[in-house]
Amino acid sequence: MSSLDFPWLTAIITFPLVAAVAVPFIPDKDGKTIRWYSLGAGLLDFAFMIYAFWHSYDFQNSNFQLIEKYPWVPQIGLDWAVAVDGLSMPLVILTGLINTLAIFAAWRVTKKPRLFYGLILLMYSAQLGVFMAQDLLFFFLMWEVELVPVYLLISIWGGPKRRYAATKFILYTAAASIFILVAGFAMAFSGETITFDMMALGMKQYPQSLEILAYTCFLVAFGVKLPIFPLHTWLPDAHGEASTTGSMILAGVLLKMGGYALIRFNMEMLPDAHVYFAPVLAVLGIVNIIYGAFCAFGQTNLKRRLAYSSIAHMGFVLVGIASYTELGISGAMLQMVSHGLIAATLFFLSGATYERTHTLMMDKMGGIAKVMPKVFALFTAGSMASLALPGMSGFVGELMVFLGIASTNVYSSSFKVVVILLSAVGIIITPIYLLSILRQVFYGQKNESFHLDIIGPDLRPRELFIAACLFLPIVGIGLYPKMATQMYDVKTVEVAKHTRGALPIIAHNKPYDLLYSSKLRTPKLEDSQVASLINAVK
């Protein structure tokens with residue numbers, strides 16, 4: 001069997017699941033064997049990904065690759081259908097890296113280690129399934145399976161208010177999942193054929209009212225996960241109470257599931273409805289950027305401040321998705337990858353700080369750079385990456401989004417100016433609240449009740465290795481962005497072209513005259529062609 005014939009994607013998804021099932025049967029007394037076993041499973045699965053994509057994935061092909069499809073529950077039309085393309089492959093690699101490092105970061109977990117590592121591996125498998133799924137029911141199943149480990153990880157290994165945070169998380173995300181089913185079944189049963197195959201769903205022609213309804217449902221469901229204001233309130237609580245491992249995976253992977261699904265479902269499958277909603281996404285992106293930045297500045301809890309920072313950074317993903325340009329959509333993809341790395345780094349360092357100081361309240365800390373210079377140096381570097389310092393991956397992603405929205409000819413000049421100026425406000429506030437963390441935690445005036453002499457040792461070699469593995473791609477992408485963009489550029493060009501193809505129909509009806517450009521450059525069509533296209537949409 002050649003490497004092209006081997007079911008790589010099925011193996012990559014099921015390997016962590018099988019490893020999780022085997023955890024209860026591994027002889028272990030103090031948890032050491034289990035953690036080495038879990039780390040080995042994560043590393044081996046990550047190696048599978050790299051090998052499969054290196055040998056069997058064509059970066060110049062925008063179509064789905066490594067396609068695998070097997071009947072699973074044919075009575076309800078559920079197939080095990082998986083594939084990857086430029087949108088999913090980079091996020092699969094990000095998932096493998098973050099989860100493997102998160103397992104390594106949980107080295108000191110002693111409470112119920114079997115359950116802890118088993119849940120991490122189960123969640124790892126479900127996340128991979130979300131990014132690779134090509135059957136709507138299979139996608140929904142993986143989306144739901146992923147919720148249970150997150151809930152248990154927060155409620156068992158979280159902080160003092162962990163049960164409240166975990167309950168809020170599961171209520172928000174489970175309720176939002178209902179909208180996926182509503183939209184999915186409406187699309188599946190539309191037309192003459194009933195199908196849950198996502199590629200077939202993307203080629204169907206839907207009535208305009210149905211397409212707008214489905215787009216709205218998906219926007220709510222994925223907006224909770226991204227998160228979009230005002231569906232975001234679960235995130236600060238979840239981050240504030242989650243363990244270091246939980247926060248790394250929440251920020252590094254889970255939020256990206258929402259951004260990925262918006263592009264995959266809302267843009268690719270429902271391009272006509274996207275024309276109506278794109279200005280709304282741009283406005284919501286601005287709200288996320290400004291609201292998240294101001295709320296972050298007002299937090300005294302270190303992890304809650306970083307959580308609101310994540311909300312602000314995800315606003316740039318929305319603006320990029322709304323831009324209609326290859327550059328803007330590419331910037332949204334890069335922003336997701338970049339933020340996943342940067343946020344995982346900052347939450348990991350926050351966890352390392354908490355282990356030594358036993359507090360996350362910044363007003364109770366101060367002057368700890370003297371006793372933890374390595375944490376201080378790495379936290380400073382991570383903050384610089386988060387505030388988009390040139391040479392770091394955050395700068396490239398945000399710059400591409402700005403250039404994408406500025407260069408589009410779809411929106412009116414006044415709308416673009418407002419979007420750019422208000423987004424810039426968030427960029428101005430970001431350095432303020434990030435540098436404020438450094439000032440209060442590492443510089444600042446020493447709190448007399450805070451005994452620096454009892455703080456544990458600085459970062460250990462294991463922790464330095466984890467930080468180095470995260471910083472290497474952050475700096476690498478910042479200095480040479482093509483190492484990331486070449487994985488998806490061909491696909492983002494196709495997505496932008498696909499969504500712009502709906503503009504001639506909608507522009508003929510001239511919606512949102514104040515937002516869309518009156519000089520919108522679209523291919524000239526004969527009146528008979530325009531009429532037929534409009535009728536097809538209706």
Side-chain angles (χ1 to χ4, degrees), residues 159 235-236 239-240 242 244 247-248 251 289-313 315-316 338-339 341-395 398 423-459 463-464 467 470-471 474-475 478:
L235 184 65
H239 270 308
T244 301
S247 290
M248 289 177 67
I289 293 170
I290 297 178
Y291 170 83
F294 274 111
C295 286
F297 188 70
Q299 301 300 312
T300 57
N301 182 295
L302 178 58
K303 291 178 70 174
R304 288 181 67 90
R305 177 170 291 195
L306 295 176
Y308 277 107
S309 174
S310 295
I311 295 172
H313 283 90
F316 288 100
S338 170
H339 178 266
L341 296 168
I342 296 171
T345 302
L346 291 176
F347 278 110
F348 167 68
L349 294 173
S350 299
T353 303
Y354 175 77
E355 284 185 10
R356 291 157 174 81
T357 63
H358 304 292
T359 182
L360 289 170
M361 304 307 295
M362 293 184 290
D363 54 356
K364 293 182 179 179
M365 293 186 272
I368 63 176
K370 297 178 181 179
V371 293
M372 293 194 299
K374 295 175 184 176
V375 174
F376 165 63
L378 291 172
F379 208 107
T380 301
S383 299
M384 295 300 107
S386 184
L387 61 81
L389 183 75
M392 302 283 198
S393 60
F395 171 77
E398 293 183 12
S423 300
V425 172
I427 291 182
I428 294 172
I429 302 173
T430 300
I432 298 176
Y433 67 72
L434 286 174
L435 296 178
S436 175
I437 293 176
L438 301 178
R439 178 181 58 81
Q440 294 183 64
V441 175
F442 298 101
Y443 291 111
Q445 186 170 354
K446 184 177 71 172
N447 190 334
E448 295 301 328
S449 62
F450 190 72
H451 300 286
L452 294 178
D453 56 321
I454 64 173
I455 293 180
D458 205 355
L459 290 182
E463 295 167 315
L464 287 173
L470 291 168
F471 269 111
I474 291 173
V475 177

When rounded to the nearest 0.5 Å, the distance separating CZ of R439 from CD1 of I437 is 11.0 Å
If only atom types and distance count, is the side chain of K303 paired as donor or acceptor with the main-chain N or O of A242 below 3.5 Å? yes
Is there a side-chain contact between L306 and H239 in this structure, where contact means two heavy atoms from C-beta onward sitting under 4.5 Å apart? no
Which value, rounded to the nearest 0.5 Å, describes the distance between H313 atom NE2 and H339 atom NE2? 6.0 Å
First locate atom CG of L438, then atom OG1 of T380, and finally report the distance between them rounded to the nearest 0.5 Å. 4.5 Å
Near F471 CZ, under 6.0 Å, is it more than 12 heavy atoms from other residues, nucleotides or ligands? yes
F379/V441 under side-chain contact (heavy atoms from CB on, under 4.5 Å): CA gap, chis, key distance, verdict: CA-CA 10 Å; F379 208 107; V441 175; over 6 Å; no
If you define the side chain from C-beta out and look only at heavy atoms, does anything of T430 sit under 4.5 Å from E398? no
Give, for atom CG of L435 and atom CD of Q440, the distance between the pair rounded to the nearest 0.5 Å. 11.5 Å
Please tell me if the side chains of N301 and M362 come closer than 4.5 Å, counting only heavy atoms from C-beta onward. no
Enumerate donor-acceptor pairs with a distance under 3.5 Å from any side-chain N or O in residues 342-352 to protein atoms, sequence neighbours excluded.
from	atom 1	to	atom 2	distance (Å)
T345	OG1	L341	O	2.8
S350	OG	L346	O	2.8

With rounding to the nearest 0.5 angstrom, report the CD1 to CD1 distance, I290 to I429. 7.0 Å
Taking S386 for the side chain and G382 for the main chain, is one N or O donor matched with an acceptor at less than 3.5 Å? no
Return the orientation label for the Y291 and Y308 ring planes: parallel under 30°, perpendicular over 60°, tilted otherwise. perpendicular
For S423 against F316, the heavy-atom pair lying closest together: O-CZ, 4.3 Å
If you look only at pairs with a residue in residues 344-355, which of them pass as a salt bridge (charged side-chain N to carboxylate O under 4.0 Å, His left out), with sequence neighbours excluded? R108-E355
Between I311 and G292 the two heavy atoms that sit nearest each other are CG2-CA, 4.4 Å
For the backbone of Q299 and the side chain of R305, can you confirm whether one donor and one acceptor N or O come within less than 3.5 Å of each other? yes
Go through it in stages, so that I can follow the logic: the residues are L464 and L378, the test is side-chain contact (heavy atoms from CB on, under 4.5 Å), and I'd like the CA-CA distance, side-chain angles, deciding distance and then a yes or no. CA-CA 9 Å; L464 287 173; L378 291 172; 4.0 Å; yes
Run the numbers on Y354 and T359 for side-chain hydrogen bond (donor to acceptor under 3.5 Å, both in side chains), then give the verdict. CA-CA 5 Å; Y354 175 77; T359 182; over 6 Å; no
Mind checking what makes ring pair (Phe, Tyr, Trp, His ring centres under 6.0 Å) contact with F395, not counting sequence neighbours? none
Answer yes or no: is there a side-chain heavy-atom contact under 4.5 Å between M372 and T353? yes
F294 and I289: side-chain contact (heavy atoms from CB on, under 4.5 Å), yes or no, with the steps? CA-CA 9 Å; F294 274 111; I289 293 170; over 6 Å; no
Taking K374's backbone N and O only, do any of them form a donor-acceptor pair with D458's side chain (distance below 3.5 Å, no angle check)? yes
Aromatic contact between Y443 and F376, with the criterion being ring centroids under 6.0 Å apart: yes or no? yes
Atom OG1 of T300 and atom CE of M365: how far apart are they, to the nearest 0.5 Å? 9.5 Å
